[in-house]
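Inspection log for the structure reproduced underneath, given as structure tokens.
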Amino acid sequence: MRPFKYTDAQSKEQALSAFTNTSHYLSGGTNLVDLMKEDVERPDQIIHVNDLNYKSVSSNDKGGLTIGAMLSNSETANHKEVRSKYPLLSMTMLSAATAQIRNMASNGGNLLQRTRCPYFFETSMPCNKREPGSGCGALNGSNSGHAIFGYSDSCIATNPSDMNIALAAIGATIEVEKTDGSSRMIDFTDFHRLPGDQPEKDNNLEPGELITAIHLDKPIFSDHYYYLKIRERSSYAFALISVAAGLQMENGSIKKAGLAMGGVAHKPWKLTEAEDFLAGKQPTEANFKQAAELALKDAKPFEANKYKVEMGKNAVVRALTQAFEREA
Ligand code: SF4
């Protein structure tokens, strides 16, 4: 690992004023430290922000909960109010990584998880995300785990987070503090980016912006929800395909659906067309199958990841079925 300066921020002001363009904020460190060991990330300064006071869970003016960015994934997933109001988020977070990692990883850090594309980690290989302009090793290489939606010739990587998929289904706003002392809100659907010709940018944060909170939309999927994660082994593995599904039922019909897919794009892939189709429909297998067709109709797989299209359709049907049949 390369030498770096370590700043232990005791206040938000200290963290923001210490920031330079070659700095990284560090909270749990479960992703960043690995990347530094692999020489993928090379910050000159680490600003430790995990002791800042952004660890609460409180009610917000949207009728939902606000969860602190520095709260750990375990504390969030096991929080009484999160479990009762957002069981989809809790279930999703508990499917991620291992208990030890969830105990360390923060919510803000989870939003910023970097791709697990093997070429990104292997510094002897070309990778536009790690080294802009060097090429994309995966484009004509080993890409069975890569994107089927929204990619570009510059990058075909996927977002690895489970939590992000639940947030896309539930709806959320991300609060960030800027280096000039002001703050701003970013709708969750605008937080992450598609790769375009700048795959080195995973999200729309400006340099130095510090994530402080995740404001969750009003909970409407607390009775009918499911997170289906398909992976190569049942623990400590990233999703090949995942689906977060929430259904708000009214008089036997679907009033509103929340649906998002993981393992398929550079950002959490919200299935808006399928959600719109399901609104007002009966929760039947035929309707779930039609929603799945809509969800995958624009997929553009590579030869090696064609399996994701059929797997994705089946996953949508299964997640919706489980969500409907689930007893709260
Ligand atoms: Fe790098 Fe993206 Fe290509 Fe993977 S898919 S090698 S992360 S540019």
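Both ligands and their constituent atoms are indexed starting at 1 by order of listing. These numbers come from the heavy atoms of this one structure, side chains and all, not from hydrogens, waters or symmetry mates.
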Exercise. Once the angle between the rings of His192 and Phe188 is folded into 0 to 90°, is it parallel (under 30°), tilted (30 to 60°) or perpendicular (over 60°)?
Worked result: perpendicular
Name every donor-acceptor pair, under 3.5 Å, that has one atom in a side chain of residues 239-264 and the other anywhere in the protein, sequence neighbours excluded.
residue: Ser242; atom: OG; partner: Tyr227; partner atom: OH; Å: 3.0
residue: Ser242; atom: OG; partner: Gly262; partner atom: N; Å: 3.3
residue: Ser253; atom: OG; partner: Gln282; partner atom: NE2; Å: 2.9

Seminar exercise, completed: Counting only protein N/O/S atoms, those under 2.8 Å from atom 2 (Fe) of ligand 1 total 1
Exercise. Under 6.0 Å between the ring centres of Phe302 and Tyr151?
Worked result: yes
Seminar exercise, completed: What one should report as the nearest heavy-atom pair of Ala138 and Asn143 is O-ND2, 3.0 Å
Exercise. Given the rule that I, L, V, M, F, W and Y join up when any side-chain heavy atoms are under 4.5 Å apart, are Leu89 and Leu112 in one cluster?
Worked result: yes
Exercise. With no hydrogens and no angle check, do the side chains of His146 and Asn305 hold a donor and an acceptor under 3.5 Å apart?
Worked result: no
